[in-house]
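Following: one structure in structure tokens, then a few remarks.
Protein chains get the first letters and strands the later ones, always in sequence-line order, with residue 1 at the start of each.
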There are 2 protein chains.
Amino acid sequence: MGTKPTLHEVAATAGVSLASASRALTGRSASPEMVRKVRTAAKRIGYLPDATARSLRLGGHRQVVFAVDDIGNPNYVQMLRAIEAELGETTRISVSSTGRRPDQTVELVRMLSMGAGDGLIISPLRVTPALRQAIADTVVPVVVIGTLHSDLGVDNVFVDSSVAVGMVVDHLVEIGRTRIGVINGPGNTNPGAARRAGFAAAVERHALVRTEALQITAADFTVGAGVDAAEHLLAATLDSGIPIDAIVCANDLIAIGAISAARRRGLRVPDDLAVTGIDDTELAALYSPPLTSVSLQSERRGGIAARMLSERFADPSRPPRRETVDATLVIRASTIGEAA
Amino acid sequence: MGTKPTLHEVAATAGVSLASASRALTGRSASPEMVRKVRTAAKRIGYLPDATARSLRLGGHRQVVFAVDDIGNPNYVQMLRAIEAELGETTRISVSSTGRRPDQTVELVRMLSMGAGDGLIISPLRVTPALRQAIADTVVPVVVIGTLHSDLGVDNVFVDSSVAVGMVVDHLVEIGRTRIGVINGPGNTNPGAARRAGFAAAVERHALVRTEALQITAADFTVGAGVDAAEHLLAATLDSGIPIDAIVCANDLIAIGAISAARRRGLRVPDDLAVTGIDDTELAALYSPPLTSVSLQSERRGGIAARMLSERFADPSRPPRRETVDATLVIRASTIGEAA
DNA sequence: TTGTATGCGTTATCAT
DNA sequence: ATGATAACGCATACAA
């Protein structure tokens, strides 16, 4: 009883042939009597058709998996939309939110080798040695959206988010901000590391104040983490007599959290404090004040990744490619106020 | 060339047996020489393993499809998260964004009968006769999150969004708003119809002004549609000398759009105009001003739907159930200002 | 209309 | 270590 009933057992229970049972359920050509017998038998033993077997027999569609750390991040939703648009008709896309546990991503890649899907698009926050190894070992095509330090022989979509931070700082300096703080994402993530480097370079370039107190790390790329980090940052800088006039945030969600925290302290944005995000997610344009951000072209990256994957399906021997997209600064009211 | 190479052809090309080819690729027990031969042969003819066949042989996991109109709506993202949490380990979840085309949903349900998945969770904006029929005909388990007018013999998670509108209007009346406008979603959607009815009932109950000019329909449940609708509504009411002091919106996204439009006209929220949403999505708490909204408990509904599905997998003969969750009002600054 | 037999692409069992 | 073959669960061409 614990085992899943098959069509075979339905046929046996109904006392008919396997073929008749199949036809009775799919409703091809079967007598009313046959349909009745089979359907009741199926109900009785609790039969449910097996999608995999059907799909094999029918020549089912391809299945690709899109794995991200947090599907709640609008950034990934944008990618997903583009991916769906690119290969939606012909392919089933399943999204897997690996939830910050890097080993889960590794697990996923391994599962793929075991038939869980025909292809993988992955946008990992961290690329651990284990993940690198898993990717290298996998037979099924993998496209990585993000930073790939060594060459793994897989297709790759890249955007340099360190220059993104540079663009933001340049802009802030241009509008006269000099004491610029930063709320970065976790340092052990690829985006975190890149943005930290970008900020350091920009500070150097503009000869800005360089204090440890101006740099803080959020626990996460989420709004909640942004609130917490901003509170610490504001408290630390104000208490030590180093008031800041701008905060560069590692992404839009953190920036929104930072604005909330700043407001709660009575600070006006951008008059007292300019705040910037990264990703230029839909929220950025809608938030009030609208958020100055840097577009990393998530939709475009998703679309490119999807196209790379389908091109690899078409020609598996094609050498791995790497495509790069450019970051573009989008200036809004959170830095310059109501300009319109 | 046009056909997909199988393991069989790899074996033939390498001049080895099928079994050896399989082992060489999965790396079980094979001589280095064998591995080399097979791998090069596979590369040469462009072999890619078939996930479906593997999955069948290996006893693959279950696949359920989550179908919604627009995965960009945070509301559905919340559901997805809950669904993943409930049956994530054991089941592959693929999300299908049917993009406002109702017939595409019907198509999807039919595909399911043909092996595209083992189960379906669906949260449709519209339940057309065709969809109703497709659901009734399907052998695979379907759980519907939403309104189901007739009894289709499927599991159902329900929340009465007409009472949600009622709660909002009650609240507005309580704080002294009397000229209340409404921006509804499309009237030919289930949520649209329910919310319209709820508003009509509330207007009756409180003996509020009842003019057609106070009611308007957004083209969509999106921010953009909210902006457009609000502009029309504000223009119409102001021009005709009927200034309104509150807008009830069909969901949070529309509400955010409405606030933007109001601000652009120089209106202060909530001093000049109170605005409310529905769904209590994450944005509601984060927006400024934070949005008064009604929680429809999307996470909870997603979780319940997932549990219903897995219970049906366990016992297909279980009679269909219907579970109802309650709407709860969440009061924030967009109606009462900075109360804290 | 119904039953028999074969194959979808892969892996596991059993010999060799 | 390798090869021949059965089996995964289902749908269909064919024969009856």
Q: Return the 5'-most residue of the pair B:Ala19, B:Leu56 with respect to DNA chain C, ranking by each residue's nearest nucleotide.
A: B:Leu56
Q | Euclidean distance, atom CG of residue A:Leu58 to atom P of D:dA13 [Å, nearest integer] | A | 12 Å
(Q) Given the structure, check if the side chain of B:Arg57 and the base of C:dT11 hold any donor-acceptor pair shorter than 3.5 Å. (A) yes
Q) What integer distance in Å separates A:Glu9:CD from D:dC8:P? A) 11 Å
Q) Under 3.5 Å, side chain of B:Asn156 to main-chain N/O of B:Arg321, donor-acceptor pair present? A) no
Q. From D:dG9, C:dT10, C:dT11, pick the nucleotide closest to the side chain of B:Tyr47?
A. C:dT10
Q. Does the distance from a Lys or Arg side-chain N to an Asp or Glu carboxylate O, for B:Arg54 and A:Asp118, drop under 4.0 Å?
A. no
Q: Can you tell me the distance, in whole Å, between the CD atom of B:Glu33 and the P atom of D:dG3?
A: 12 Å
Q) Rounded to the Å, how far apart are A:Arg62 CZ and C:dG9 C1'? A) 15 Å
Q) Between A:Arg81 and A:Glu84, is a salt bridge (Lys or Arg N to Asp or Glu O under 4.0 Å) present by the stated rule, with each step listed? A) CA-CA 5 Å; A:Arg81 276 176 154 164; A:Glu84 265 194 336; over 6 Å; no
Q) Is the CZ atom of B:Arg318 crowded by more than 12 outside heavy atoms at less than 6.0 Å? A) yes
**Q.** Between C1' of D:dA11 and CG of A:Leu25, the distance in whole Å
**A.** 12 Å
Q | Integer-rounded Å distance: D:dA11 P and A:Asp50 CG | A | 10 Å
Q: Would you indicate, yes or no, if C:dG9 has its OP1 or OP2 atom less than 4.0 angstrom from a side-chain nitrogen or oxygen of B:Thr6?
A: no
Q.
Using a heavy-atom cut-off of 4.0 Å across all strands, would you classify A:Ser22 as base, sugar-phosphate, or nothing?
A. base
Q) Does D:dG9 have OP1 or OP2 sitting under 4.0 Å from an N or O in the side chain of A:Arg54? A) no
Q) If you check the A:Ala53 side chain, which of D:dG9, D:dA11, C:dT11 turns out closest? A) D:dG9
Q | Under-3.5 Å donor-acceptor pair between A:Arg23 side chain and C:dG3 base | A | yes
(Q) With a 4.0 Å cutoff (strictly under), does any side-chain N or O of A:Ser31 reach OP1 or OP2 of C:dT2? (A) yes
Q. To the nearest angstrom, how far is B:Leu18 atom CG from D:dA1 atom P?
A. 19 Å
Q: Have a look at B:Asp155 and tell me which of B:Arg307, B:Arg312, B:Arg322 forms a side-chain hydrogen bond (donor to acceptor under 3.5 Å, both in side chains) with it.
A: B:Arg312
Q: Take atom CG of B:Leu7 and atom P of D:dT5, then tell me their distance rounded to the nearest Å.
A: 17 Å
Q) Is the shortest side-chain N/O distance from B:Ser17 to OP1 or OP2 of D:dA4 below 4.0 Å? A) no
